[in-house]
Q: 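The following block contains the structure, expressed as structure tokens.
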Amino acid sequence: MRDAITSLIRNYDISGRYLDRDAIDLLKSYFDSGTARIMAAAVINANAASIVKQAGSQLFEDVPELIRPGGNAYTTRRYAACLRDMDYYLRYASYALVAGSMDVLDERVLQGLRETYNSLGVPIAPTVRGIQIMKDILKEQVAATGVANTAFVDQPFDYMTRELSERDI
Ligand SMILES: CCC1=C(C)/C(=C/C2=NC(=C\c3[nH]c(/C=C4\NC(=O)[C@H](C)[C@H]4CC)c(C)c3CCC(=O)O)/C(CCC(=O)O)=C2C)NC1=O
């Protein structure tokens, strides 16, 4: 599992280079955005349960057949599994935000996930929708703390969305 710094150092070490202009620019942007990324992690930590709950309610309102008989989130067990998955996505998004790298998502979340979902009949499209709803809720909350540009918050959520919906296995 790598963060932005360890990935950078690794790449430079492999080719035996000193940290050049590009490396310095990358480092600067990583540290300049540090406070905002930490703020996002703090917001997630303080509000995770309510973000998941709110996003779940919104998702089931938008796609009510999920919780009707025959729906994948029907029965208490599967409903709980669905919210637990949303919680995983949110928690790992907070790690990726702090790391400034999506590596943790590849390694801990996305590997084999599509196969698991396909074999259990967990529908991808509404899962992606749930991830996007959490993103929107989080962005509003991060903005409310005074962070001017919340675009960086998109990254892990969009990454998981993309990998879940497009990767061909
Ligand atoms: C940390 C990384 C990680 C992830 C991501 C993860 C996902 C994950 N979700 C699962 C199940 C599940 N996931 C869902 C999710 C949903 N169903 C819906 O209709 C909705 C669209 C969606 C919620 C948004 C459901 C309902 C199940 C249970 C399916 C079943 O057992 O029939 C399973 C099968 C095993 C289990 O039930 O625990 C895994 C491995 N596990 C992990 O360790």
Q: Just wondering, more than 12 heavy atoms not from Glu107 lying within 6.0 Å of its CD?
A: yes

Q: Do you see a donor-acceptor pair shorter than 3.5 Å between the side chains of Thr6 and Arg2?
A: no

Q: Find the distance between OG1 (Thr127) and CE (Met160) and round it off to the nearest 0.5 Å.
A: 11.5 Å

Q: Of the non-hydrogen atoms in Val147 and Ala36, which two are nearest, and what is the gap between them?
A: CG1-CB, 4.0 Å

Q: Quick one: do Ile51 and Gln141 satisfy side-chain contact (heavy atoms from CB on, under 4.5 Å)? Show the steps, please.
A: CA-CA 10 Å; Ile51 293 172; Gln141 295 186 354; 3.6 Å; yes

Q: Could you give me the CA-CA distance, side-chain angles and deciding distance for Asp158 and Lys135, then say whether side-chain contact (heavy atoms from CB on, under 4.5 Å) is met?
A: CA-CA 9 Å; Asp158 290 352; Lys135 176 181 89 175; 2.9 Å; yes

Q: Counting only N and O atoms by type, is there a donor-acceptor contact under 3.5 Å from the side chain of Arg91 to the main-chain atoms of Ile44?
A: no

Q: State, with a plain yes or no, whether a side-chain heavy atom of Ile137 is found less than 4.5 Å away from one of Asn47.
A: no

Q: Which value, rounded to the nearest 0.5 Å, describes the distance between Leu90 atom CG and Asp85 atom CG?
A: 12.5 Å

Q: Would Tyr89 and Phe157 count as a ring-ring contact (aromatic ring centres under 6.0 Å, His included) here? Give the steps.
A: CA-CA 8 Å; Tyr89 298 130; Phe157 296 94; 9.3 Å; no

Q: When rounded to the nearest 0.5 angstrom, what distance separates CG in Leu120 from CD in Glu115?
A: 11.5 Å

Q: Answer yes if the side chains of Ser15 and Arg17 hold a donor-acceptor pair under 3.5 Å, and no otherwise.
A: yes

Q: Show the nearest heavy-atom pair for residues Cys82 and Ala73, with the distance to one decimal.
A: CB-CB, 4.3 Å

Q: How would you list, by chain and number, every residue that makes a side chain to side chain contact (heavy atoms under 4.5 Å, CB included) with Ile5, sequence neighbours excluded?
A: Asp3, Ile9, Leu27, Tyr30, Phe31

Q: Using the rule that two of Ile, Leu, Val, Met, Phe, Trp, Tyr join whenever any of their side-chain heavy atoms come within less than 4.5 Å, decide whether Tyr159 and Val153 are in one cluster.
A: yes

Q: Side-chain contact, heavy-atom cut-off 4.5 Å: Gln54 with Ile133?
A: no

Q: Hey, could you give me the NZ/CD distance between Lys53 and Gln58, rounded to the nearest 0.5 Å?
A: 13.5 Å

Q: Is there a side-chain contact between Leu26 and Lys28 in this structure, where contact means two heavy atoms from C-beta onward sitting under 4.5 Å apart?
A: no

Q: Assigning hydrophobic clusters by single linkage (Ile, Leu, Val, Met, Phe, Trp, Tyr; side-chain heavy-atom cutoff under 4.5 Å), is Met86 placed with Ile67?
A: yes

Q: Going by an N to O cut-off under 4.0 Å, is there a salt bridge joining Arg21 and Asp25?
A: yes

Q: Are Thr116 and Val122 packed together at the side-chain level, in the sense that at least one heavy-atom pair is separated by less than 4.5 angstrom?
A: no

Q: Any ring-ring contact (aromatic ring centres under 6.0 Å, His included) involving residues 94-131? Give me the pairs, sequence neighbours left out, ordered by first then second residue.
A: Tyr92-Tyr95

Q: Walk me through it: do Leu19 and Leu8 pass the test side-chain contact (heavy atoms from CB on, under 4.5 Å)?
A: CA-CA 9 Å; Leu19 297 170; Leu8 177 80; 4.3 Å; yes

Q: Output the rest of the hydrophobic cluster of Tyr74: all Ile, Leu, Val, Met, Phe, Trp and Tyr residues reachable through side-chain heavy-atom contacts under 4.5 Å, sorted by chain and number.
A: none

Q: Drop me the distance from Thr161's OG1 to Gln132's CD, to the nearest 0.5 angstrom.
A: 4.0 Å

Q: Applying the 4.5 Å side-chain criterion to the ILVMFWY set and letting contacts propagate, would Val109 and Ile124 be lumped into a single cluster?
A: yes

Q: What do the steps show when you test Leu59 against Arg129 for side-chain contact (heavy atoms from CB on, under 4.5 Å), and what is the final call?
A: CA-CA 7 Å; Leu59 175 64; Arg129 190 159 180 164; 4.0 Å; yes

